Amino acid sequence: MTYRNHRRAAVVAALATALTGLAPQAAQAADTPAPPKEPTAASVAAARDAASAPGTLKTLARFFARDGRVSVKAAAPRIEGATVPVHVLSPDFVRGRSGAPVAKLDFLASRAVSADGQEASVWTVRTAGADTWRVVNIATGADETAYAAKAKGGTLFREPQIDAWYVQRGDRVLPLDADAKRAVGASGTTVAAYQKRVHAAYGDKLPGSAYDRRGEAGGYGERAASGPAVRKDAPEPVAAAAPDDSGPLVAVLTALGTVAALALGGTVMGRKLRRR
């Protein structure tokens with residue numbers, strides 16, 4: 001009887017020690033915000049349909065032909081691979097609002113490829129007040145889908161103020177490009193530590209702040225017609241192609257190189273050329 005009691009006490013003590021070791025981890029997991037809700041399969045399909053619509057493909061052909069590398073007729077653009085959700089750093093997370101996800105959905109991206117191998121990213125957003133999706137931007141390169149492949153199993157998001165790309169996996173924020181590595185280190189950081197960093201950097205520059213009212217809140221500018229967030233210091237169009245009967249207008253922008261934007265429904269979106 002005494003032996004059994006001693007053995008039971010030893011087992012209980014060992015179990016208590018194990019549970020004590022797990023307690024900080026459990027508390028940490030409970031403090032980690034849930035990832036943002038992903039778009040439904042139907043939404044992704046609708047966004048892809050918009051990206052591959054005949055009018056969009058016509059605009060892509062002009063886009064790929066803009067510098068003479070290929071003719072409009074020979075461009076033969078096509079949409080390849082998966083259409084992926086792209087998130088952006090959430091102002092509520094920066095504020096430190098309890099339970100706010102690190103990032104929020106910004107747009108869905110589809111990779112377009114021309115016959116001569118050029119790549120572009122087609123951005124689609126949900127139309128305000130409707131369950132339809134429309135194209136708001138075409139950007140050079142295919143960073144979104146490339147980073148989405150690296151972020152598989154996590155939440156891909158961008159910190160637009162420094163043009164950094166990350167993936168959130170559980171309680172970790174991991175870098176996907178050089179800008180992100182400079183911000184959080186090559187091995188990444190915890191969600192809590194990342195929140196402290198972005199709060200210190202942007203906490204006084206959020207929408208509604210004095211900084212914002214002065215029109216200086218780059219990266220937290222107003223969203224145009226439910227489109228992706230656009231930096232207020234984004235470049236202005238310097239040249240534009242005349243619209244044809246398909247409706248879209250391709251504007252050529254310059255900032256660290258050539259960037260292009262697609263206008264549909266009167267909305268022109270731009271972004272700075274990204275560096276991988």
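Given the structure is predicted, the values throughout are model-derived calculations rather than measurements.
Residues G81 and R48 share a closest heavy-atom pair of O-NH1, 2.6 Å. Closest approach of P85 to L156, counting heavy atoms only: O-CD2, 4.2 Å. Residues V184 and V173 approach most closely at CG2-O, 4.4 Å, considering heavy atoms. Minimum interatomic distance between L60 and A51 (heavy atoms only, all atoms of both residues): CD1-O, 4.4 Å. Between P101 and P35, the shortest heavy-atom contact is CB-C, 4.4 Å. Minimum heavy-atom separation, V72 to R62: CG2-CA, 4.2 Å.
Between T145 and R111, the side chains place no donor N or O within less than 3.5 Å of an acceptor N or O (distance only, hydrogens not considered). S114 and D116 form a side-chain donor-acceptor contact under 3.5 Å, judged by distance and modelled atom types alone.
Classification of the F157-Y194 ring pair by plane angle, with boundaries at 30° and 60°, yields perpendicular.
With sequence neighbours excluded, no residue forms a salt bridge (charged side-chain N to carboxylate O under 4.0 Å, His left out) with R169. The side-chain contact (heavy atoms from CB on, under 4.5 Å) search around S187 returns none, not counting sequence neighbours.
Contact of the L105 side chain with the H87 side chain is registered, since non-hydrogen atoms from C-beta on lie closer than 4.5 Å. Using a 4.5 Å heavy-atom threshold, the side chains of R172 and T190 count as touching. Proximity of L89 to V198: side-chain heavy atoms (C-beta onward) are separated by under 4.5 Å at one or more points. Contact check for E144 versus W123: side-chain heavy atoms found under the 4.5 Å cut-off. Side-chain contact between V167 and Y147: absent, with no pair of heavy atoms (C-beta onward) separated by less than 4.5 Å. Side-chain contact check for S121 versus D143: every heavy-atom pair is 4.5 Å or farther apart. Side-chain contact between F64 and R69 is absent, with no heavy atoms from C-beta onward closer than 4.5 Å.
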Next on the checklist: What verdict does the side chain to side chain contact (heavy atoms under 4.5 Å, CB included) test give for T155 and V102, after you've listed the backbone C-alpha separation in whole Å, the side-chain angles of each residue and the deciding distance to 0.1 Å?
Outcome noted: CA-CA 9 Å; T155 298; V102 174; over 6 Å; no

Checklist entry - After noting the C-alpha distance and the side-chain angles of T32 and Q168, does the key distance pass the side chain to side chain contact (heavy atoms under 4.5 Å, CB included) rule? => result CA-CA 11 Å; T32 301; Q168 179 197 356; 4.1 Å; yes

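Between the side chain of T124 and the main chain of L108, a donor-acceptor pair closer than 3.5 Å is present. A donor-acceptor pair under 3.5 Å is absent between the side-chain atoms of Q118 and the main chain of V113, judged by distance alone.
Atoms CZ and OH, on R158 and Y166 in that order, are 11.0 Å from each other to the nearest 0.5 Å. D177 contributes atom CG, which lies 8.0 Å from atom CD1 of I162 (distance to the nearest 0.5 angstrom). The OG atom of S110 sits 11.0 Å away from atom CD1 of I138, with the distance rounded to the nearest 0.5 Å. Here the CH2 atom belonging to W133 is positioned 11.0 Å from the CZ atom belonging to F107, to the nearest 0.5 angstrom. Atoms OH and CZ, from Y202 and R197 in turn, are 5.0 Å apart once rounded to the nearest 0.5 Å.
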